[in-house]
Amino acid sequence: MEIRNSKNVLKYMFGNGAIKNLRDILNSQIKNKNEDYCVFYIDHYFKEADIFKNYIEDLDVVVYVDSTNEPTTDQVDGYAEALRKLNKIPAAIIGIGGGCSLDVAKAVSNLMTNPGKAADYQGWDLVKNPGIYKVAIPTISGTGAEASRTCVMMNYEKNLKLGMNSEYTIYDQLIMDPTLTKTVPRDQYFYTAMDNYIHCVESLRGSYRHLVGDLFSMQALALCREVFDPTGDMMDLKNLEKNMLASYLGGCAIANSYVGVIHPFSAGLSVVLGIHHCLANCIVMSVMEDFYPDEVAEFKSFAKAQGISIPRGVCSNLTEEDYERLYLSTIVHEKPLANALGPNFKSILTREKVKYYFEKM
Ligand code: ZN
């Protein structure tokens, strides 16, 4: 196998209250106090709350990112265009929120130093110049966006869901403050944490392996098992900390691994039915006994112990045409499917078989 370079987030800070260091970190990037500014992409969930107001100065730009739907290339182009109209590029870009806000900040940072549109860079290693300095502050744990080398965007023109997979997409600074996750609704907290659990399960069950990736995944899974231990509460303070670290480690694992069967089916649910990534993963996971028997049982025990229900019947009332679209948007993910099932995955996941699993959901 080809030996490739790996890169992780350059600097990270971890601990309850770590957010208090944000302004000092940003000021270290500012050379001219009268004209340099920072841009904040903050999840719209925090629009009414003012927990970040102490870190934002007069010249700074604040954009609330609507995370109802996953980011699109058009949306990112709009944000980048607005900044290009200002006379100066920002000194720093800050993403605050879940995967959506963190991915938007990454993409805009790359577009500040690379010409053209977001869609030009969807793929592997297409970004030519390092983006501008960027800081990630996750407020929910599990997507791994804070650590990964991609930023996923929907491109409806090309019917494509793909990120700018590049070493320049990796954050320069990460602030992990577990207290920021304490107000996340319980079901959302669970679904997002399970995104991480599922990434790690798929990586470790695949044939494309990397020892460093495996070790990150194993440690992330060990932490998940502590967080979702049935005798405890997944959202007590110690578990908020462990879950945030699990997400970071799982994100580090992604760079050196591929997902498996669950993510391709999940992408089908997102593309065809518009179901959010983390929830879609959980819906798929609950019917994947044929591929991941032990892990599905464990996943169900986690959900039961924490009182979380996974929606059922999401594919009832679909037409044959819908099922065909579901099949196509699943089977297109060749790398992860080959990782899980070998190069002849299409002989295992036939049209009928794919439909069978969707019907079970
Ligand atoms: Zn995922």
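Numbering of ligands and ligand atoms starts at 1, following listing order. Treat the numbers as computed from the prediction; the structure is a model and nothing was measured.
Y79 meets the ring pair (Phe, Tyr, Trp, His ring centres under 6.0 Å) test with Y41; sequence neighbours excluded. By the side chain to side chain donor-acceptor pair (under 3.5 Å) test, K238 pairs with E241, sequence neighbours left out. Take D120 and apply the side chain to side chain donor-acceptor pair (under 3.5 Å) test, not counting sequence neighbours, and it matches no residue.
A salt bridge does not link K355 with D322: every distance from a Lys NZ or Arg NE/NH1/NH2 to an Asp or Glu carboxylate oxygen is 4.0 Å or more. Under the 4.0 Å criterion applied to side-chain N and carboxylate O atoms, R149 and D125 are assigned as salt-bridge partners.
Take a cut-off of 2.8 Å around the Zn ion (ligand 1): the protein N, O or S atoms inside it are D195 OD1, H199 NE2, H263 NE2, H277 NE2.
Counting heavy atoms of neighbouring residues, nucleotides and ligands inside a 6.0 Å radius, atom CG of N317 does not exceed 12 of them.
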